[in-house]
Amino acid sequence: MDRAAINEYVQRSQQLIEASPQMDEENTKVKLIQPFLELLGWDLYSTEVALEHTVPMASGSTHVDYALLVGDSPVVFVEAKPVRSTLSDNEIRQLRSYMRQELNVDWGILTNGKSFEVLTKNRQRNGGEEVSVVQFGLDDLTGNPNVLELLTKESIRSGKSDEVAEQVTQTNRVIRDLRENEDSVTAAVTEAVENEVGELTIDLEEQSREFTQNLVTVLREQRQFVSEKRSAEPELKGEVNRIEDEVKPGEDNVAGRITRTEIKGDPDARVAVFPTKESGLTFLKENEAWGFVRVGSEFDYVAMYVTGDVQEVKYVAEVDDIVEPGEADLIREPQEYTGQITVEDGKQVIVFKPGSLYELEDPVPYKSKYPQGLRYTTLEALRTAETTDDML
């Protein structure tokens, strides 16, 4: 695709959003989403784009905002939301239900003009279930324009989109398996190295775990798509940051806001960086703690990368202790945070020193790397990083 055209679209859209952050749905469609469809090569003034397309449902019928057609058949559904809104799981489920009614609709796009989620029917597995292939933000397009190749009219018509989606699905599957089986993969790597070279003076298990986590990062970077995936990578059970339904915090123990240069401590102090959804911040703020996670070695600080629309390392705290879930003085029962009856064996709670949890005035923004799970850095790297790439 024409990179100059993409950059122009991004810049114009950013200016419109900045000028009107509370833009309603109709203005979002005309000013942001329709130019996006044109950027992909779809002609709005032809029969290949149908507005308010009727979708037959079991209880009657409904309408999808845009249907993109090849010949007489719709192949892509586009559902628009106002720029002021946040894309929700309910809206994803709604788009899935629309796609399910039309045999030829293999693709779906949900967008508010600044966030985009792409669904496809996975015909290789799950009986054609609609799965999320990729999420990306408007700001991501200048650095990662290749994501749009998945959605162009030419790619949809030629079948190239299906090939790319299958590659992404396979990569997602490997990533999912590595994440779900991190302990067994770590053990296998540790055993293989020990068998080959014998005992080492380093913490081999910790290094093997970091190798496994870094492999996930490399796979995601190689995939070239950005942001988190809803369905392609299933949520990990038992972790606060994987909870779907947001629990409102009963207490807020954030001590205040500081700049990164104000964080006191040894520049070489070890910092554990964890990802969390915004919903996971309830646990953080209520308990001055983080859980339920596996940790392989000691560290001095915790930094929290907030996913979704935030995409920043936004909170920092000093570690006081690491305890079993039953020993942690939590505001709620663990299952209220995790949605699981029990916490998985081996997962612990990191307790912060009282009064040490701060929100950063100058959070570290995402560029191309972010923690999939536990990652380590140094306090100096956290203090001086311009983007997440500088500290991960």
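We're numbering straight along the sequence, starting at 1.
Residues E130 and R100 are paired through a salt bridge, judged by an N-O separation under 4.0 Å between the basic side chain and the carboxylate. Using a 4.0 Å cut-off between charged side-chain N and carboxylate O, E26 and K29 make a salt bridge. Between R157 and E154 there is no salt bridge, since none of the side-chain N atoms of the basic residue sits less than 4.0 Å from a carboxylate O of the acidic one. Salt bridge present: R209 and D183 bring a charged side-chain N and a carboxylate O closer than 4.0 Å.
Distance alone, capped at 3.5 Å, places no donor-acceptor pair between the T212 side chain and the E182 backbone. With R260 contributing its side chain and A385 its backbone, the two residues share a donor-acceptor pair below 3.5 Å. A donor-acceptor distance shorter than 3.5 angstrom exists from the side chain of T28 to the backbone of D24, with no hydrogens or angles considered. Remark: side-chain polar atoms of S155 are not paired, donor with acceptor, to backbone N or O of T152 under 3.5 angstrom.
The aromatic rings of F77 and H53 sit tilted relative to each other, their planes meeting at an angle between 30° and 60°. F116 and F36 have tilted rings, their planes meeting at an angle from 30° to 60° on a 0 to 90° scale.
Smallest separation of non-hydrogen atoms from T54 and S61: CG2-CB, 4.0 Å.
At least one side-chain heavy atom of L119 sits under 4.5 Å from a side-chain heavy atom of S132.
A donor-acceptor contact closer than 3.5 angstrom links the side chains of Y98 and Q94. Y9 and E38 share no donor-acceptor pair across their side chains, judged by distance under 3.5 Å alone.
The environment of CD in Q11 is sparse: at most 12 heavy-atom neighbours from other residues, nucleotides or ligands sit within 6.0 Å.
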